[in-house]
**Student:** 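This is the structure I want to talk about, given as structure tokens.
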Amino acid sequence: MSRNPFILDRRRFLGTLGLTAGSLMLPSFPGSRASAQSAPKRVIFFITPHGTVPGRWHMRQPGQDGQEYDYALGGLSEGEFSHILRPLHRHRDKLLIVDGLARMVSFAEEYRVADLGYPGDINRHHICQAQLLTSNWAFQGAATARGGAQSIDQEIGNSVGQPGRWNSRVYGFNHQHAYNYVAANQPAPREQNPQAAFNDILGLAPEPSDPGEPSRADLIDRARASVLDMANEEFNAVLPKLSSADREKLERHRALVRDLEVGVNFVPPSGCEPSFSAQGHVIDQFSRITAMAMACDLTRVVTIVTQDIPGNEFGVSPGIDMHQDIAHASDENSGSAQGIEGMTEYNRVYAEHFAYLLDQLDSVQEDGGTLLDNTAVVWLTELATGTHEISRVPNVIAGGGGGYFRPGRYVHYPQSPLTVAWGGEAQVGPPQERLNVSLMHAMGMTNRRSFGLEEVSIGGQTISLRDPLPRLT
């Protein structure tokens, strides 16, 4: 059956107005954006699972572990990059490799679970997934933990989103649980199928099987006059009957509906060429969609949650369990050769996919350089290592964030001792949660000093989570 991509799916349009919908804006372009307008700032979160192998990832200067320092990457050869990060060498002048941060809210969560006797899960996979983008207490359930507040992608998207565009999008997979949340225990909408994600970002749908069904123009005309008005009437009727908490929840959805523009005609701006190809790896397909969406200014905030790649993609024999046989056996002091080498190659393959995303962004020319120059692309993982450590968490920021970040450098933060909930000490650097503050400032939200919790108490120490990280600008 032939497909016309410019037919609006009426069921999808109506469904977005329901009370269970996430954040949706139908994309439209006024067609009159001045060519001289400066390029917008954007942020992309690229999330991989299981952490890394620190000795195969970091690029520290010998003898300087106890010091805060940074150095230029531009003069390094490809062979001087660490094995895992070597695929990023071609983008070295646009990288900030950030070494030494710690997941402070997750350390504090373990005290909270232990002291208060919550029935929730203390599995670090779960609490770190819940807190990676929320920087807040987890929503503790009977057997697990999920995000306990709105995530940073939603916060930034709500601030910088434009009328008629999507505030933010989430593409890809769950690593057990969601990372992105519109509110406590409310995961943000996520699209796992690349073709559906492409249709979704453009507001497109396949041609109906019945040629007698209404055309896109017919549906738009009907929707303009009735759908939004009907939704507003329903909100007014329901609100007085709800509790204060439910009213707050409904008002959030009402605000989303209010932001929908009536005109949904797509007029591509200059340089925007929407297209979809199902070729290549699913992660790379999402990277192409993301670059297109941002080049077309359909959204300014995207999260790509990568597929947990199978063993054959990083040289592991069939039957080997990634979690137990590789990640859990990858400690450089006590692990197996199979675990260490497998985990190293696992991360190197993710670095190749991250480099591909940077290729796509850097190929788009715009004011101020390239799309990559005007974007902060943040490679994150929920754990520091496959053995569930949460200090010295690996972070890579690519792009300049529209001039906020000073890329082309390796940034190292020193470590200091911290008493942890389950005994012993961890060596920790600055809170990774402060990176979220840096990202908000990069996106123009310079009045914000914190995101999520402002401070936590760990082992008798009060640790501030406020203010941007030093040395990144």
**Student:** Donor-acceptor pair, T303 side chain versus V170 backbone, under 3.5 Å?
**Tutor:** no

**Student:** Which residues satisfy the side-chain hydrogen bond (donor to acceptor under 3.5 Å, both in side chains) test with T385, sequence neighbours excluded?
**Tutor:** T387

**Student:** Just verifying a value: how many Å separate L357 CG and R288 CZ, rounded to the nearest 0.5 Å?
**Tutor:** 11.5 Å

**Student:** Is there a donor in the side chain of E366 and an acceptor in the side chain of N374, or the other way round, less than 3.5 Å apart?
**Tutor:** yes

**Student:** Kindly say whether A278 contributes a backbone atom to a donor-acceptor pair with the side chain of Q285 at under 3.5 angstrom?
**Tutor:** yes

**Student:** Evaluate side chain to side chain contact (heavy atoms under 4.5 Å, CB included) for M445 paired with E155, printing each intermediate quantity in order.
**Tutor:** CA-CA 10 Å; M445 303 164 65; E155 180 84 3; 4.1 Å; yes

**Student:** Show every donor-acceptor pair shorter than 3.5 Å between a side-chain atom in residues 96-104 and any protein atom, with sequence neighbours excluded, or say none if there are none.
**Tutor:**
{"from": "D99", "atom 1": "OD1", "to": "R60", "atom 2": "NH2", "distance (Å)": "3.3"}
{"from": "D99", "atom 1": "OD2", "to": "R60", "atom 2": "NE", "distance (Å)": "2.6"}
{"from": "D99", "atom 1": "OD2", "to": "Y410", "atom 2": "OH", "distance (Å)": "2.9"}
{"from": "R103", "atom 1": "NH1", "to": "E382", "atom 2": "O", "distance (Å)": "2.7"}
{"from": "R103", "atom 1": "NH2", "to": "C128", "atom 2": "O", "distance (Å)": "2.9"}

**Student:** Counting N and O atoms only, with roles assigned by atom type, does the side chain of T375 sit under 3.5 Å from a partner on the main chain of V377, one being a donor and the other an acceptor?
**Tutor:** no

**Student:** Can a donor-acceptor pair be found, under 3.5 Å and without considering hydrogens, that links the side chain of R42 to the backbone of P40?
**Tutor:** yes

**Student:** Donor-acceptor pair, E68 side chain versus Y413 backbone, under 3.5 Å?
**Tutor:** no

**Student:** Indicate yes or no for a side-chain donor-acceptor contact from Y346 to the backbone of A327 under 3.5 Å, with no hydrogens or angles considered.
**Tutor:** no

**Student:** Could you walk me through whether S287 and D284 satisfy the side-chain hydrogen bond (donor to acceptor under 3.5 Å, both in side chains) test, starting with their C-alpha distance in whole Å, then the side-chain angles of each, then the deciding distance to 0.1 Å, before giving a yes or no?
**Tutor:** CA-CA 5 Å; S287 292; D284 298 339; 4.8 Å; no

**Student:** Going through the checks in order, is the side-chain hydrogen bond (donor to acceptor under 3.5 Å, both in side chains) test met by D153 and S151?
**Tutor:** CA-CA 6 Å; D153 61 304; S151 53; 2.5 Å; yes

**Student:** Using a strict 4.0 Å threshold on nitrogen-to-oxygen distance, state whether R56 and E341 make a salt bridge.
**Tutor:** yes

**Student:** Quiz question: by atom type and distance under 3.5 Å, do the side chains of Q154 and N158 form a donor-acceptor pair?
**Tutor:** no

**Student:** So, H89 and R86: side-chain donor and acceptor under 3.5 Å apart, yes or no?
**Tutor:** no

